[in-house]
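First the proteins, then the strands, lettered A, B, ... as listed; each starts at 1. Heavy atoms only: backbone and side chains are in, while hydrogens, waters and symmetry mates are out. Here the structure is a predicted model, which means the values were calculated and not measured.
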Amino acid sequence: MTTAEERELYVELVLQCAELVPRGRVTTYGAIADVVGERLGRGGPRLVGTVMATHGAAVAWWRVVRADGSLPPSHDAEARQAYLEEGTPLRPGGSVDMARAFWQPRLGAQ
DNA sequence: GTTATGACTATGG
DNA sequence: GCCATAGCCATAA
């Protein structure tokens, strides 16, 4: 069941999570899916990815990475430069240091 | 209704 | 570290 309203709300909550990520920190698709899914009762990492691919341009998409810290595909170069500016902890391999940079998203607060 | 696809994740080799 | 596989859920054809 996915009404237009629910899709819109899902998108907005996902974007809100991405927007709430502090400077120099990152979160993951799975974490956002978990938070939003708990509130809306459904969802999944792939849905978050779809949302970011569709509406991610409006938010700090580079602060949303994969669970292992790998940079988002298709824009990894841009993201890495943003990390350098923000001081996001990186690992030698080029991916994000999740142990230090991971930020747990919350809705309605931070 | 069925298949393919995607800015995913966990697990195993 | 990398690659393959399976599970995942919504969208598009």
Could you check A:Y10 against A:R39 for side chain to side chain contact (heavy atoms under 4.5 Å, CB included), going step by step and ending with a plain yes or no? CA-CA 9 Å; A:Y10 190 87; A:R39 181 149 170 167; over 6 Å; no
Stepwise side chain to side chain contact (heavy atoms under 4.5 Å, CB included) check, A:V96 with A:L71: CA-CA 7 Å; A:V96 177; A:L71 275 52; 4.0 Å; yes
Run the side chain to side chain contact (heavy atoms under 4.5 Å, CB included) test on A:L40 and A:E6 for me, step by step, so that the C-alpha distance in whole Å, both residues' side-chain angles and the decisive distance to 0.1 Å come before the verdict. CA-CA 8 Å; A:L40 296 185; A:E6 284 182 322; over 6 Å; no
A:E86 and A:R25: CA distance, side-chain angles, deciding distance, salt bridge (charged side-chain N to carboxylate O under 4.0 Å, His left out) verdict: CA-CA 8 Å; A:E86 297 183 359; A:R25 296 285 196 87; over 6 Å; no
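For the pair A:C17/A:L107, a side-chain contact is recorded, criterion being any heavy-atom separation below 4.5 Å from C-beta on.
Side-chain atoms of A:Q81 and A:W62 include no donor-acceptor pair closer than 3.5 Å.
Near DNA chain B, defined here as any heavy-atom distance below 4.0 Å, the residues from residues 54-62 of chain A are A:W61, listed numerically.
Rounded to whole Å, atom C1' of C:dC9 lies 14 Å from atom CD of A:E6. Between A:R42 atom CZ and C:dA10 atom P the separation is 6 Å, expressed in whole Å. Rounded to whole Å, the distance from CG on A:L40 to C1' on C:dA10 is 14 Å. In this structure, A:L47 places its CG atom 13 Å from C1' of B:dT5, rounding to the nearest Å.
Here the CZ-OG1 distance, from A:R100 to A:T88, works out to 10.5 Å after rounding to the nearest 0.5 Å. Rounding to the nearest 0.5 Å gives a distance of 11.0 Å between CG of A:L47 and CZ of A:R7. The CD atom of A:E8 sits 9.0 Å away from the NE2 atom of A:H55 when rounded to the nearest 0.5 Å.
Spacing between C:dC8 and B:dG6 at atom C1', rounded to whole Å, works out to 12 Å.
The partner of B:dA10 is C:dT5, by the rule that a Watson-Crick or G-U pair needs both atom distances under 3.5 Å. C:dT11 and B:dA4 make up a base pair, with Watson-Crick or G-U wobble contacts both under 3.5 Å.
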Listed pairs, N/O of protein and of nucleotides 9-13 of chain B, under 3.5 Å:
from, atom 1, to, atom 2, distance (Å)
B:dT9, OP1, A:G30, N, 3.2
B:dT9, OP1, A:A67, N, 3.3
B:dT9, OP2, A:A67, N, 2.9

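At the heavy-atom level, A:G93 lies nowhere under 4.0 Å from the strands shown.
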